[in-house]
Amino acid sequence: MPVKRAKTAEPVQKLYSITEGTVIDHIPAGQALRVLQILGIDPGTTLLVSVGMNLSSRKRGSKDMVKVEGKLLTKAELSKLALIASGATINHISKGKVQQKFLVEVPQVFIGVAECQNLNCITGHQPVQSKFYTIKQKPLKLCCVYCERIMDGNQAVLR
Amino acid sequence: MGANRGLMGRDMLSMQDFSKEDILKILATAKKLAKIKSSKVMQGKILGSLFFEPSTRTRLSFESSMAKLGGASVGFADASVSSVTKGESLLDTIKMVQQYADLLVIRHPQEGAARLAAEATDKPVINAGDGANQHPTQTLVDLYTIQQLHGRLDRLKIAIVGDLRYGRTVHSLIHGLSHFSSEVFLISPDALRLPESYREILYRGRIRYHEGKDFTQLLPDLDVLYMTRIQKERFADQSEYQAVKSSYALTATQLQRAKPTLKVLHPLPRITEISQDVDETPHAAYFLQASNGIPVRQAVLGMLAGVLR
């Protein structure tokens, strides 16, 4: 008869709990600082922010996490997050409880969120928004609609 | 000839936008046009010719094609004579010019310019070359010529030689060839290898392809040898350029070991990559290829304008 093993409990890793705002969980390990950059959280911020990096994760082995009091993510920020943290979980917190939870999904088209790496692309020389098609989700590969060059999502330079 | 609803009103920006059926229809129309002395199907229509990058050959080919169909051309041959010098954006330039024309042709030094131009107008836009990206009408001329000389586009052995990395004619040609089951040989110096995204196109099209640095060994078996110019400006290290440039030059002596039916193509202008003595051999097809620019561009203009089937 096979021996039933007890589930290994996840080590307790506490971040400051927020009451109204956003928790971004299951960020790929090491990417939290880029997430802060996307959210416009810089050294001068007055927002209450809690950051965990390289936390243990049953799902992924290790992960980062960001909690921001008093902030909900915009559509543009969600698009940018999809470039570096697709599969992360967004939790909207209100009165200290999770009110809404959804995954960061990779859209079919990214508009105006990243720069084309091709220095000779027309988007770097004319007043026009960049546009990329998603041609592969994992690993993320994008194709510039204009110059047709393909680039890795995690090398995207954010606008 | 009636209107072709299939291509009418469409842009021609990149070969990736065209199916095998589209390509074959254009080639068939070009073949009919090659037999006609004159036509007035484009009478009353105007082509807006916007060459932000100088080009004598392609621009004259388009303007001549338009004139031979009874149409007219307006535009500029150099960005320095346009309002671009005043800092006008490309979108504004197109929005202005498209009021004076029924269709537009654009050549620009930056990749993606033609696709951006197409966003500024509902009128058909033809890409005559955008940076190192695409040159779709050149590919149609190339395919037309291959079909004319060999009677088919599949079951051929085709070598593409030279600057595969930055050559827009090569990039467009790869898209075009991906629809036909011929075997492709990609011959270049390491620094000018075909980018992975284009090798991926051949792979997805299930086209058998090989990479190498020497085309001379292939000559006894090849049906088509497509030569392109290697520009010394592409090499950061000039000694590397000096080392490779003679390996990618074709001579009549080398062609002595070629199959009698081998045809040599080149999008022109050729500089040192095909020596003058090749011109006198039965293999030289690049001048025929250049002359095919007229019926093929006539077909493109007429079909996008909706006056040719």
Side-chain angles (χ1 to χ4, degrees), chain A residues 28 34 38 74-76 78-80 82-87 105-159, chain B residues 11 13-18 50 52-53 79 83-84 87-95 106-120 125 127 129-136 139 165-168 170-172 174-175 178 194-201 203-204 233-234:
Chain A
R34 289 187 80 190
I38 287 168
T74 63
K75 251 180 149 176
L78 277 170
S79 280
K80 289 183 185 179
L83 284 171
I84 60 159
S86 67
E105 285 179 347
V106 174
Q108 296 275 21
V109 183
F110 288 87
I111 299 177
V113 297
E115 285 177 3
C116 184
Q117 289 183 322
N118 175 12
L119 296 177
N120 201 41
C121 178
I122 194 72
T123 57
H125 300 267
Q126 292 285 324
V128 60
Q129 284 195 313
S130 62
K131 277 187 208 143
F132 296 89
Y133 290 126
T134 299
I135 54 170
K136 198 171 177 185
Q137 294 225 359
K138 279 179 186 169
L140 185 61
K141 280 198 189 287
L142 308 176
C143 180
C144 176
V145 163
Y146 295 101
C147 74
E148 302 181 21
R149 290 268 182 104
I150 294 173
M151 72 176 188
D152 293 332
N154 63 10
Q155 290 172 346
V157 175
L158 299 169
R159 271 198 167 169
Chain B
D11 301 311
L13 306 173
S14 169
M15 282 310 294
Q16 70 170 349
D17 302 327
F18 290 85
L50 311 174
F52 294 86
E53 193 179 62
S83 51
V84 165
E88 185 179 54
S89 71
L90 178 62
L91 285 174
D92 282 356
T93 301
I94 302 301
K95 282 177 189 166
I106 174 170
R107 170 171 282 192
H108 196 284
Q110 280 146 13
E111 285 102 54
R115 200 168 290 276
L116 178 59
E119 290 181 357
V125 173
N127 181 11
D130 61 328
N133 187 30
Q134 291 275 321
H135 194 348
T139 291
R165 184 170 174 192
Y166 298 104
R168 60 186 169 213
V170 171
H171 299 163
S172 284
I174 292 294
H175 274 293
S178 71
L194 187 72
E196 193 197 329
S197 56
Y198 290 99
R199 283 179 272 134
E200 177 82 16
I201 289 164
Y203 175 76
R204 279 193 264 117
E233 308 85 78
R234 299 298 188 196

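Just so it is clear: chains get the letters A, B, ... in the order the sequence lines come, proteins before strands, and each one is counted from 1.
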* Contact part of A/N118 toward chain B, heavy-atom cut-off under 4.5 Å: side chain, backbone, both or neither? -> side chain

* **Close contacts, residues 142-151 of chain A versus chain B, judged by heavy atoms under 4.5 Å** => A/V145, A/Y146, A/C147, A/E148, A/R149, A/I150

* Restricting to pairs with a member in residues 119-147 of chain A, which pass salt bridge (charged side-chain N to carboxylate O under 4.0 Å, His left out), not counting sequence neighbours? -> A/K131-B/E119, A/K141-A/D152

* **CD (A/E105) with more than 12 external heavy atoms under 6.0 Å** => no

* **Partner residues of B/S172 under the side-chain hydrogen bond (donor to acceptor under 3.5 Å, both in side chains) criterion, sequence neighbours left out** => B/Q134

* Nearest non-hydrogen partners of A/I122 and B/Q110, listed with the distance -> CD1-OE1, 3.3 Å

* Structure fact -> Minimal heavy-atom distance between A/N120 and B/P109, with the atoms involved, is ND2-O, 3.0 Å

* Structure fact -> By side chain to side chain contact (heavy atoms under 4.5 Å, CB included), B/R199 pairs with (sequence neighbours left out) B/L186, B/R193, B/L194, B/E196, B/Y209, B/E211

* Measure B/H108 against the heavy atoms of chain A and call it side chain, backbone, both or neither at under 4.5 Å. => side chain

